[in-house]
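One structure is given below, encoded as structure tokens.
Heavy-atom basis, side chains included; hydrogens, waters and symmetry copies ignored. Here is the naming used below: chain letters follow the sequence lines, and residue numbers restart at 1 for every chain.
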Protein chains: 2
Amino acid sequence: MHYDTLKSILKAGGASLTQPRKIIFDLMLNQGPQSMQVLVRRAKDKVDRATVYRTIELFERLGIVRRLNIGWKYKIELTDAFSGHHHHMYCTNCGRVFDLPDNPMLETMIDTVAAKSGFSPRGHQLEVYGLCANCSKA
Amino acid sequence: MHYDTLKSILKAGGASLTQPRKIIFDLMLNQGPQSMQVLVRRAKDKVDRATVYRTIELFERLGIVRRLNIGWKYKIELTDAFSGHHHHMYCTNCGRVFDLPDNPMLETMIDTVAAKSGFSPRGHQLEVYGLCANCSKA
DNA sequence: GCTGAATTTGCAAATTTGTCGCAATTTAAT
DNA sequence: ATTAAATTGCGACAAATTTGCAAATTCAGC
Ligand SMILES: [Mn+2]
Ligand SMILES: [Mn+2]
Ligand SMILES: [Zn+2]
Ligand SMILES: [Zn+2]
């Protein structure tokens, strides 16, 4: 189970795998990007609002979760440690979010371009906007 | 002046170029990414808070403004129509945001990868995280 | 330039979102 | 089991965002 990975990341960050953290993690596993509002609402009655925020803040700091700039409010999903590295395609027509399969060529080029400006890239995030295959037809 | 472009975009969207909208636009021209909080604060005494939000919402819908997923809260800046197409590098150490010069090779590759999944790309957004040249040395 | 319909704004109130301190609980190590 | 440290839930709070609506602005047609 992913709890092992989760636990080791937490431990490495000097934090422990607690019940609320397990619950929040479960609420993200096998879910696409979701907004904080939704997450907080889904955690209601199980985990306190403040704890959800504190947990996501911790998760983000430890790289367990990442924020996406999709839709009007930001959304979150688990990082590459729990789902392979990928980017997103957001259909501006139907609003659905699709995963863009990883492309090694693209990855290296992004790093190269960043390095060209003297930057030491650690990671990146790419979102493509447009029409999904379905909406393109109409 | 950019007001012409602005006005035509607004007109095309069935909206008009009003005083408050001019003011808010001016507050973004030649500015890097800024948070809503900052924008609202800077607009204070000139444009009402509610109007700033309504305007930015409109601006985003019409593609005059775009949101960036940088820092803990999202930031906004004018779109390519008012500043050349570019991406961003965010230094996780000093928090500064740098513009990543446009790279045609990269641009086409992004479109290609997206198209490979049957998607019709209209635009995209890329943010690189890492250490800026300065912080890399230390 | 006026006029009127439609759009947009400011204002004030309400709601939602996010934060904070702290006592009670849970966790991890002995 | 005992204990110290970390974490949680619970208000209460502060900040951010939304909403309804009357007044003001915009703009097209005269
Ligand atoms: Mn995804
Ligand atoms: Mn920029
Ligand atoms: Zn679609
Ligand atoms: Zn730096």
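Rounded to whole Å, the distance from CD1 on B:Ile56 to C1' on D:dT18 is 16 Å. If you measure from atom CZ of B:Phe25 to atom C1' of C:dT8, you get 19 Å, rounded to the nearest angstrom. A straight line from NZ of A:Lys46 to P of C:dT25 spans 22 Å, rounded to a whole angstrom. One can place CZ of A:Arg61 at 13 Å from C1' of D:dA6, the figure rounded to the nearest angstrom. Rounding to whole angstrom units, CD of residue B:Gln37 and P of D:dA14 are separated by 17 Å. The distance between atom CD of A:Glu57 and atom C1' of C:dC20, rounded to the nearest whole Å, is 12 Å. In this structure, B:Met36 atom CE and C:dG18 atom P are separated by 14 Å, rounded to whole Å. For the pair B:Glu60 CD and D:dT17 P, the interatomic distance rounds to 13 Å; values are reported in whole Å.
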Run the numbers on B:His87 and A:His124 for ring-ring contact (aromatic ring centres under 6.0 Å, His included), then give the verdict.
-> CA-CA 11 Å; B:His87 303 295; A:His124 59 256; over 10 Å; no
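Between D:dT18 and B:Tyr53, no contact under 4.0 Å exists linking OP1 or OP2 to a side-chain N or O. For B:Arg49 and D:dT18, the shortest distance from a side-chain N or O to OP1 or OP2 is not below 4.0 Å.
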Below 3.5 Å, can you tabulate the donor-acceptor pairs from side chains in residues 110-123 of chain A to any protein atom, sequence neighbours excluded?
unit_1: A:Thr112; atom_1: OG1; unit_2: A:Thr108; atom_2: O; d: 2.7
unit_1: A:Ser120; atom_1: OG; unit_2: B:Ser136; atom_2: OG; d: 2.8

Taking only distance into account, with no hydrogens and no angle test, what donor-acceptor pairs under 3.5 Å do side-chain atoms of residues 13-23 of chain A form with protein atoms, sequence neighbours excluded?
unit_1: A:Thr18; atom_1: OG1; unit_2: A:Arg21; atom_2: N; d: 3.4
unit_1: A:Arg21; atom_1: NH1; unit_2: A:Ser16; atom_2: O; d: 2.8

Using a 3.5 Å cut-off and no angle test, enumerate the donor-acceptor pairs between side-chain atoms of residues 93-103 of chain B and protein atoms at least two apart in sequence or in another chain.
unit_1: B:Asp99; atom_1: OD1; unit_2: B:His86; atom_2: NE2; d: 3.3
unit_1: B:Asp99; atom_1: OD1; unit_2: B:His88; atom_2: NE2; d: 3.2
unit_1: B:Asn103; atom_1: OD1; unit_2: B:Met105; atom_2: N; d: 3.0
unit_1: B:Asn103; atom_1: OD1; unit_2: B:Leu106; atom_2: N; d: 3.1

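Partners of B:Arg66 by side chain to side chain donor-acceptor pair (under 3.5 Å), not counting sequence neighbours, listed by chain and number: B:Glu77. For the side chain to side chain donor-acceptor pair (under 3.5 Å) test, no residue two or more places apart in sequence or in another chain qualifies with B:Gln31.
Comparing the start and finish of the helix from C:dG1-D:dC30 to C:dT30-D:dA1, five pairs each, the helix axis swings through 50°, to the nearest 10 degrees.
Screening residues 31-51 of chain B for ring-ring contact (aromatic ring centres under 6.0 Å, His included), with sequence neighbours left out, gives no hits. The list of ring-ring contact (aromatic ring centres under 6.0 Å, His included) pairs with a residue in residues 4-50 of chain B, not counting sequence neighbours, reads B:Phe25-B:Phe82.
Side-chain N/O atoms of A:Asp48 and A:Tyr53 include no donor and acceptor closer than 3.5 Å.
Counting any heavy atom pair closer than 4.0 Å across all strands shown, B:Val47 reaches sugar-phosphate atoms only and no base atom.
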Polar pairs (N or O, both sides) under 3.5 Å between protein and nucleotides 19-30 of chain D?
unit_1: D:dG20; atom_1: O6; unit_2: B:Arg54; atom_2: NH1; d: 3.4

